[in-house]
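All remarks here apply to the structure that follows.
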Number of protein chains: 2
Amino acid sequence: MVETAKKTGKSRDAKLPDLSDGIGFRPLYKQVKDSFIQQMVNGDWRPGDKLPSEFELAARYGVSQGTVRKTLDELAAQNLLVRQQGRGTFVATHNPDRALFHFFHLVGDDGSRQLPTSRVLSRVKRLATSDEEKRLGLKPGSNVICIERVREMSAIPVIVETIAVSAKRFSGLAKVPVEDLPNNLYELYEEKYGVIIYQAEEYLSAVAADATDAEHLGIEPGLPLQQIDRLALSVDRRPVEWRMSRCLTTQHRYLSLID
Amino acid sequence: MVETAKKTGKSRDAKLPDLSDGIGFRPLYKQVKDSFIQQMVNGDWRPGDKLPSEFELAARYGVSQGTVRKTLDELAAQNLLVRQQGRGTFVATHNPDRALFHFFHLVGDDGSRQLPTSRVLSRVKRLATSDEEKRLGLKPGSNVICIERVREMSAIPVIVETIAVSAKRFSGLAKVPVEDLPNNLYELYEEKYGVIIYQAEEYLSAVAADATDAEHLGIEPGLPLQQIDRLALSVDRRPVEWRMSRCLTTQHRYLSLID
DNA sequence: CAGTGGTCTAGACCACTTA
DNA sequence: AAGTGGTCTAGACCACTGA
């Protein structure tokens, strides 16, 4: 049950501050939204789960079905939920389609899309560097699990990448056999740790290949590479994974759609 | 006045094909949306214009205010309209804020945002290359207006770019004094030609600076540059401008937010 | 104060999926 | 046929802006 907008509005008109919801007016549908998000953060609703029907939720929260609908529509617009007429509303998953069209932006010169395969070079648990602490929001002295891998498209190596996550948050990850690390790590974070990645910030720049890059990609050192510095955030907007990719863009491009 | 959903639905249940709206069911609010978009394409509603109120529009189209609201909310979500409580609904413009946060993605290493200044190197009208014909969807033998410029941030040259638009569509543009070409060309397209840019596809890759790049940017040839190949589309999804930018990413990054 | 968009409700009916 | 989301309506009231 949530505070009604009417009551909230009235209490705001009064001269006394409204302690019941602190910062003032907050629409019902946003209060409901906060609650839904919290249930995804908590793991009560996990990726792929089916939500109760609109009427069921409305009754549970003591609001109208139209208000719940507004909440669900917003969450669907943010790709946190998927709605299907006749079937129901589901928590979004990092299935191959979503990975391909939403989170992976390298496309072929001809516009073709495919996910690269991965070969893990190393997987270590070690003290976080100061950059890693900063980007991942870790306390000084924290450990990270660091994965290095080479990714191929059409059997040609095109990406070398370094991935860092909190060792505390992903404690089991240091023990998984490297050959069992999946290509799509976000799916793993979801399934094994209940962590939903829903947002990422990517900083792109052009850099020269160093000797290691050159060796892994089979090119000359000094050639230009597309560097992608990605911080992936969870539903509660906490940083989860920091990934640095260097990509050969002779046969591929990074596609950024605006609007 | 538009076809009601009820009627459309019923006519679809009948065995005979429904000729009245061709491809079958189309929700009222989408029919209204099509009409609104058409009015922006036609130039009946120009950037900055205030729309009639929801009730006024509802009466005009013979639908309820809630249906108009759904249309307006969708268009606002697409950044085609801007809604302001108490003031009204307006056609979106390419004001500096929008340009800075929505269409220009180079940010400082420290996360700072600023628009670069522009210095035009050349502005010519000439036959389109086959690439330009293809990207801009021009008939063979069409002319383009081509602008080359260098852009600076904090008085340091960081971008060299080549811009091509249809000479037919932007006929006056060949005669504007080059010193009067504004930094924000999208604003010019809006104001002088009624063309609203609302979407862009950017293809990013890392390239080596050639001799010309190097000269304009004051760097050594061969250094890596961030290339941005951008096609800007109008409200009716027709290509309007093709722009090729090469950027120095030593002090800056291209920021891509996912979700 | 009038006018505008924002929130919320209640109810009807349509479209789609599944059994 | 039952259950779900999708569309549409009508009406009440709130929040914000500007004359």
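All of these numbers come straight from a predicted model, not from anything done at the bench. A note on names: the letters A, B, ... follow the listed sequences, proteins ahead of strands, and every chain is numbered from 1.
- At the phosphate of C/dT4, neither OP1 nor OP2 sits under 4.0 Å from any side-chain N or O atom of B/Thr89.
- Nucleotides of DNA chain D nearest to A/Gln65 and A/Arg87 differ in position, and the one nearer the 5' end is that of A/Arg87.
- Rounding to whole angstrom units, CD of residue B/Glu56 and P of C/dG5 are separated by 11 Å.
- For C/dT9, one of the phosphate oxygens OP1 or OP2 lies less than 4.0 angstrom from a side-chain nitrogen or oxygen of A/Thr67.
- Residues A/Val32 and A/Leu57 fail the side-chain proximity criterion, which asks for heavy atoms closer than 4.5 Å.
- When the P atom of C/dC14 is taken as reference, atom CD of A/Gln85 falls 13 Å away, rounded to whole Å.
- A/Tyr29 comes within 4.0 angstrom of sugar-phosphate atoms only, judged by non-hydrogen atoms across all strands, and of no base.
- In the set C/dG5, D/dT4, C/dT17, D/dT4 carries the atom at the smallest distance from any side-chain atom of A/Lys50.
- The CD-P distance, from B/Glu54 to C/dT7, rounds to 11 Å in whole Å.
- At whole-Å resolution of the value, CG in B/Asp73 and P in C/dT4 are 17 Å apart.
- A/Glu74 places no side-chain N or O within donor-acceptor distance of the main-chain N or O of A/Lys33, the cut-off being under 3.5 Å.
- Between atom CD1 of residue A/Ile147 and atom CZ of residue A/Arg243 there is a gap of 8.5 Å, rounded to the nearest 0.5 Å.
- A donor and an acceptor atom never sit less than 3.5 Å apart when one is taken from the side chain of A/Arg69 and the other from the base of D/dG5.
- For B/Tyr186 and B/Phe104, the ring centers sit 6.0 Å or farther from each other.
- Checked against B/Ser256 for a side chain to side chain contact (heavy atoms under 4.5 Å, CB included), the options A/Glu201, A/Arg230, A/Glu202 give a single hit: A/Glu202.
- Distance from the side chain of A/Pro27 is smallest for C/dC8 among the nucleotides C/dC8, D/dT9, C/dC16.
- Between B/Leu72 atom CG and D/dC8 atom C1' the separation is 15 Å, expressed in whole Å.
- Candidate nucleotides C/dG5, D/dT9, D/dG6 were compared by shortest atom distance to the side chain of B/Val63, and D/dT9 ranks first.
- The phosphate of C/dC8 has neither OP1 nor OP2 within less than 4.0 Å of any side-chain N or O from A/Lys70.
- For the pair A/Lys30 NZ and C/dC8 P, the computed distance is 10 Å after rounding to whole Å.
- When each of B/Gly86 and A/Ser64 is assigned the nucleotide of DNA chain C with its nearest heavy atom, B/Gly86 is the one assigned upstream, toward the 5' end.
- Atom-to-atom, CZ of A/Phe55 to P of C/dT9 comes out at 13 Å; the value is rounded to the nearest Å.
- Summarising the geometry, the separation between CD on B/Glu74 and P on D/dT7 is reported as 8 Å, rounded to the nearest angstrom.
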